[in-house]
Amino acid sequence: MMKRTATVLAALLLAAGCSNGNSNSSGGSSNTPGVTDSSILIGTHQPLTGPAAAGYSEIAPATKAYFDYVNANGGVYGRKITYKIMDDGYNPANTQQVVRQLVLQDKVFAIVNGLGTPTHTGVLDFLKTNRVPDLFVASGSRTWNQPDKYPGTFGFNPDYTVEGKILASYVKQTYAGKKVCFLGQDDDFGRDSLEGVEKVLGPVAAKQTYVVTNPNVGPQMGAFKAAACDVVILASIPGFTALSIGTAAKIGFKPQFVVSNVGSDPSTLTKTLGAAAPLLEGVVAANYLPLDTDESNPWIQLYKKVNSQYNGNAAFDNNVVYGMSVGYLFVQALQAAGKDLTRDKLTEAVQKGGFTGPALVPTRFSAQDHSGYAGEQITKLTGGKATYLGTPYTTDDADGAVTAYSGAAATPPQNGIPPAQ
Amino acid sequence: MTIVEPRAARTKNRQKSARVRKISPLLVVIAGAIIVVALTYTLPPFRNYQLATIGAYLCVTAGLTVLTGLNGQLSLGHGALMATGAYTLALWQNKFDLLLPGIMLAVLVTTVAGGVIGLAAARLRGPYLAGLTLAVAVVVPSITSTFDKTFNSDQGLSVALDPPPGVLPVEQWQAWICWAGALVTVLVLAYLIRGRFGRDLRAVRDDETAAKLAGVGVARTQVMAFVVSAACAGLSGALFAVLAQSVSPGAFPLTLSLFLVMAIVIGGLGRLTGALIGAFLLVVLPSVAQSIAEDAGSQHLEGNLALTFFGIVLVLVMLAAPGGLASLKFPRRSRKQKGQ
C-alpha cells in the first residue's frame with residue numbers, strides 16, 4: 001500500500017518535473033518577464049466559446065492580425081509582439097485558470113484587453129500581486145479605474161456610467177415624456193450603466209436584470225410590456241440584445257430599443273437574429289470608433305488592408321475595428337515606453353496619456369484616472385448599417401454635465417504604425 | 001489509502017499477505033506531507049498552483065469515493081456541495097478575514113447541507129438518487145441569481161485573503177493549505193473506513209437486507225456516509241475559494257460534478273489511492289488537452305477537448321482495468337502510470 005502511494009506520488013513528481021523543463025524558456029536577456037531584445041510576449045483571456053462568443057470571439061484575432069502587421073514591418077524597437085490568446089468561455093472560474101497560466105507559466109509581459117466585467121474582476125488582485133500590467137480591459141466597468149488600489153490596471157471602453165449618461169441624455173432630448181425602462185446584465189456592467197442612466201433621467205419606470213447562464217428574457221420583456229414602456233435601454237452583450245429584441249417582437253411589444261455599445265454591433269446582431277434581422281431597424285446605440293461601413297474613413301481603409309493580409313480576410317465588422325484599435329493603442333503605449341522596456345515604464349507611459357488614434361474622443365488616462373475613452377457618439381441602425389448622429393459627447397462618471405466634444409479625429413500615419421516618440 | 005486493502009484481501013481472497021495491513025495510514029500521510037513539501041520547494045509557481053489544485057480536488061474525490069465506492073450511493077451533486085463550502089468561506093472572509101475558522105465554518109455549513117440532502121437521499125435508490133443530486137447541482141446558478149444581493153449572481157464574490165506569512169510565494173502557501181486539508185481528509189477517512197463505520201458502509205452497499213439483519217442501521221449509515229462526504233466536499237470548495245480568490249457559479253457547473261464521478265471511477269472506486277489518481281487526472285488531463293488544442297492551432301477546441309479526453313481515458317481504463325487504475329497490479333501499473 002505504501003508502495004502504491006509512493007508510486008503515484010513519484011509519477012506525479014516525474015510528470016511535474018517533465019513539464020517543468022519546457023516552461024522556463026522565456027525570460028531572455030533582460031530581467032523583465034516576457035521581453036527579450038527581439039520579442040515581447042503578451043497574453044489575453046477572451047470568450048472564444050460560450051455565451052459571449054458571438055461577435056466577441058473576433059476581437060482577439062483582429063488584435064493579433066494588427067500585431068502581425070506591425071511585426072512584418074519591423075516590430076516595435078525591433079521587437080516582435082507575440083499575442084497569446086486564451087479561451088475562458090466568459091466563465092470567471094476559467095479566467096482564473098488561464099490568467100495564472102499566462103502569468104506564472106508563460107511569463108507574459110502584460111495582459112492586454114482581457115475581456116469581460118465578471119471575468120476580469122476576479123483576476124485583478126492576482127495581477128496586482130504579480131505586478132503585471134493589465135492594459136485596456138475590454139469592458140467599461142468602473143472597477144478598472146482605481147489607480148490607488150490597482151495601479152497597473154487600465155480600461156479601454158468608455159465606462160458604462162459615462163455611456164449610460166450619454167444614452168440617457170439622447171433619450172431625454174429625443175423621447176421626452178416617454179416611459180423609459182432598463183434591462184441590464186446582473187453584474188457591474190448592468191449596475192454601472194443603470195447608475196449613469198438614472199443620473200440623467202431619474203428613476204426609470206421599470207428595471208430588470210438577466211444572467212448570461214439563463215438564455216431567456218421572456219419574463220423581463222413581459223414585465224416591460226405590462227409596464228407599457230416606450231423606450232427600453234439595454235445594457236447587454238450581443239447575444240442578449242438579439243434575444244431581447246426577438247423576444248419583445250414575439251410577444252407583440254415594440255418599444256424603441258437603445259443599446260449599449262458593447263451589445264450593438266450590427267453585423268453580429270444581424271447574424272444572430274437571422275430572418276428576424278429587420279427588427280433591428282431604428283435601434284439606437286453608441287460608438288466611439290470608426291464604423292465598419294464607413295469606407296471613406298482612412299482608419300477603416302487601413303484596418304481592411306490588415307484584415308485581408310493578416311486576418312484571413314475575416315468578416316469585417318465593428319469587432320474587428322475594435323480589436324485592431326486595441327492593437328494600435330497598445331503599440332502606441334509600447335512606443336511611448338521607449339526602447340528599454342520594463343513593466344513600470346509601460347504603465348507610466350499609459351498613465352501619461354495623450355494618445356491620438358482612431359477614436360472620436362480622447363482617452364482619459366492620467367495618474368488619477370485609469371478609465372478608457374472619454375465618451376461616445378450616438379448611432380442609429382438603418383438598413384442593417386449603423387450611422388453616426390450629431391456629434392460625440394464626453395462626460396465623467398459622477399455628476400458632470402454631458403458636453404459635446406469638438407476635437408477633430410486623427411488620421412493614421414502613412415505606414416499605419418504609430419511612430420516612435 | 002491502506003484501508004481498502006484489507007477488504008480486498010478478505011473479500012476477494014487476494015494472495016497479498018498481511019504485510020500491507022501493518023502500515024498505518026498515519027505513516028502514509030506523513031510521507032505524503034514530506035513529499036508535498038519537498039515538491040513545493042522545487043516546482044515553479046504555476047506547477048505549485050496545479051499541485052494545490054490537486055490537493056483541493058483530492059478532498060472531494062476522497063469523500064466521494066467513500067460514498068459511491070464503499071456505500072454505493074451515486075451523487076451527481078457534489079459540485080453544489082463544493083459551492084456551498086466556497087460561498088460560505090467567501091462570505092465569512094469578506095466579513096472577518098480569519099482563514100482557519102472560515103474553513104471550519106465552511107465544512108460545518110456543508111455538513112448540515114449534506115445532512116439535509118442525505119436524509120432525502122437515504123430514501124432513494126439508483127437513478128432516483130442520481131436525479132435528486134443532479135437537481136442540487138443544477139440549482140446553484142439559479143440560487144446565486146435569485147439572491148443576487150448576497151451572492152452577486154454570475155459575477156460571484158471575491159475572497160479577501162491575507163498575503164502569506166513571510167516571503168513565501170503565494171502559490172506555495174496555497175499548496176500547503178490545500179494539501180494540509182487533503183491529507184487531514186485522507187487520514188480521517190482512512191481511519192473511519194478502517195473501523196466499524198467502514199464495515200457498515202460495505203455491508204449496506206452489498207446487501208441492505210442482510211445488513212439490517214446483522215443489526216446495521218441502513219438509513220443511518222447512508223445518511224452518515226453522505227454527511228461525511230459532504231463535509232469533504234465543503235472543505236474542497238473552501239480550498240478552491242482560497243485558490244481562486246473568488247467564487248462564482250461558473251466554477252461549480254454540472255460538468256464539475258460529472259467530472260468528479262468520472263475521476264473516481266477511472267482512479268478506482270472505493271480506494272483512496274484511486275481518489276488521488278482521480279484528482280491528479282482532473283488537473284492534468286485538461287491541461288494536456290489544452291496544449292494539444294494549442295498545437296493544433298484551434299483555440300475553439302480547448303473547451304471541448306478535455307471532455308473527449310476523459311471519455312477516451314474512461315473507456316480505455318474500463319476495458320483494461322475494470323477496477324480503475326488503482327486496481328492494476330504492480331508490474332503493469334508502474335508502466336501504465338508513466339504513460340499517463
Side-chain angles (χ1 to χ4, degrees), chain A residues 1-17 19-20 23-24 46 48-50 53 57 60 84-87 89-98 100-101 103-106 117-119 121-126 129-130 185-189 209-214, chain B residues 1-2 4-5 20-21 23 27-28 31-32 35-36 39 42-51 54 141-142 144-145 148 152-156 158 161 163 170-171 243-246 248-253 273 276-277 280 284 286-287 290 299-300 302-304 326 330 333-334 337-338 340:
Chain A
M1 196 64 231
M2 184 74 185
K3 256 191 193 166
R4 172 177 296 162
T5 313
T7 321
V8 171
L9 283 169
L12 207 155
L13 188 102
L14 196 77
S19 41
N20 188 0
S23 66
N24 284 342
Q46 298 282 332
L48 301 178
T49 56
S57 60
K84 184 156 187 189
I85 306 164
M86 302 289 276
D87 181 17
Y90 208 62
N91 176 346
N94 293 349
T95 315
Q96 294 288 340
Q97 176 73 32
V98 299
R100 271 185 176 76
Q101 188 174 337
V103 171
L104 299 176
Q105 190 182 29
D106 301 324
T117 306
T119 48
T121 307
V123 293
L124 285 175
D125 285 306
F126 171 75
T129 318
N130 286 275
Q185 191 163 303
D186 194 5
D187 54 30
D188 287 346
F189 171 21
T209 57
Y210 73 86
V211 290
V212 276
T213 41
N214 181 10
Chain B
M1 319 204 162
T2 29
V4 275
E5 200 64 355
V20 281
R21 280 199 68 183
I23 301 165
L27 284 180
V28 180
I35 295 176
V36 167
L39 272 176
T42 51
L43 293 177
F46 185 66
R47 297 294 160 200
N48 264 335
Y49 175 74
Q50 287 184 315
L51 183 68
I54 294 176
S142 316
T144 60
S145 52
D148 55 358
N152 200 14
S153 202
D154 279 1
Q155 189 173 335
S158 60
L161 274 185
V170 183
E171 287 72 27
L243 270 178
Q245 295 176 33
S246 79
S248 58
F252 307 99
T273 324
L276 176 63
I277 297 174
F280 179 68
V284 169
S287 84
Q290 194 191 28
Q299 264 116 0
H300 297 271
E302 277 175 33
N304 309 315
F330 232 90
R333 184 177 59 240
S334 50
Q337 272 165 5
K338 271 176 199 138
Q340 276 169 21

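Lettering of chains follows the sequences in order, A, B, ..., and the numbering in each one begins at 1.
The ring pair (Phe, Tyr, Trp, His ring centres under 6.0 Å) test applied to A:Phe189 returns A:Tyr160, not counting sequence neighbours. In this view, A:Asp125 satisfies the salt bridge (charged side-chain N to carboxylate O under 4.0 Å, His left out) rule with no residue, not counting sequence neighbours.
Contact annotation for B:Ser145: both backbone and side-chain heavy atoms come within less than 4.5 Å of a heavy atom of chain A. Contacts of B:Leu243 with chain A are made by backbone atoms alone, with heavy-atom separations under 4.5 Å and no side-chain atom involved. Proximity to chain B involves both the backbone and the side chain of A:Asp188, based on heavy atoms less than 4.5 angstrom apart. Only the side chain of A:Thr129 comes within contact range of chain B, judged by heavy atoms closer than 4.5 Å. Residue contact with chain B, scored on non-hydrogen atoms closer than 4.5 Å, involves the side chain of A:Asn91 exclusively.
Between B:Ser248 and B:Phe252, the shortest heavy-atom contact is O-CD1, 3.6 Å. Scanning all heavy atoms of the two residues, the minimum distance from B:Pro249 to B:Thr144 falls at CG-OG1, 3.4 Å.
Distance check: A:Gln46 CD to A:Met86 CE gives 12.0 Å after rounding to the nearest 0.5 Å.
For chain A, the option among B:Pro253, B:Ala244, B:Ser246, B:Pro141 with the highest count of heavy-atom pairs below 4.5 Å is B:Ala244. In terms of heavy-atom pairs under 4.5 Å with chain B, the best-connected choice from A:Thr213, A:Asn214, A:Asn94 is A:Thr213.
A:Arg100 forms no cation-pi arrangement with B:Phe46, by the criterion of a distance under 6.0 Å to the ring centre and an angle within 45° of the ring axis.
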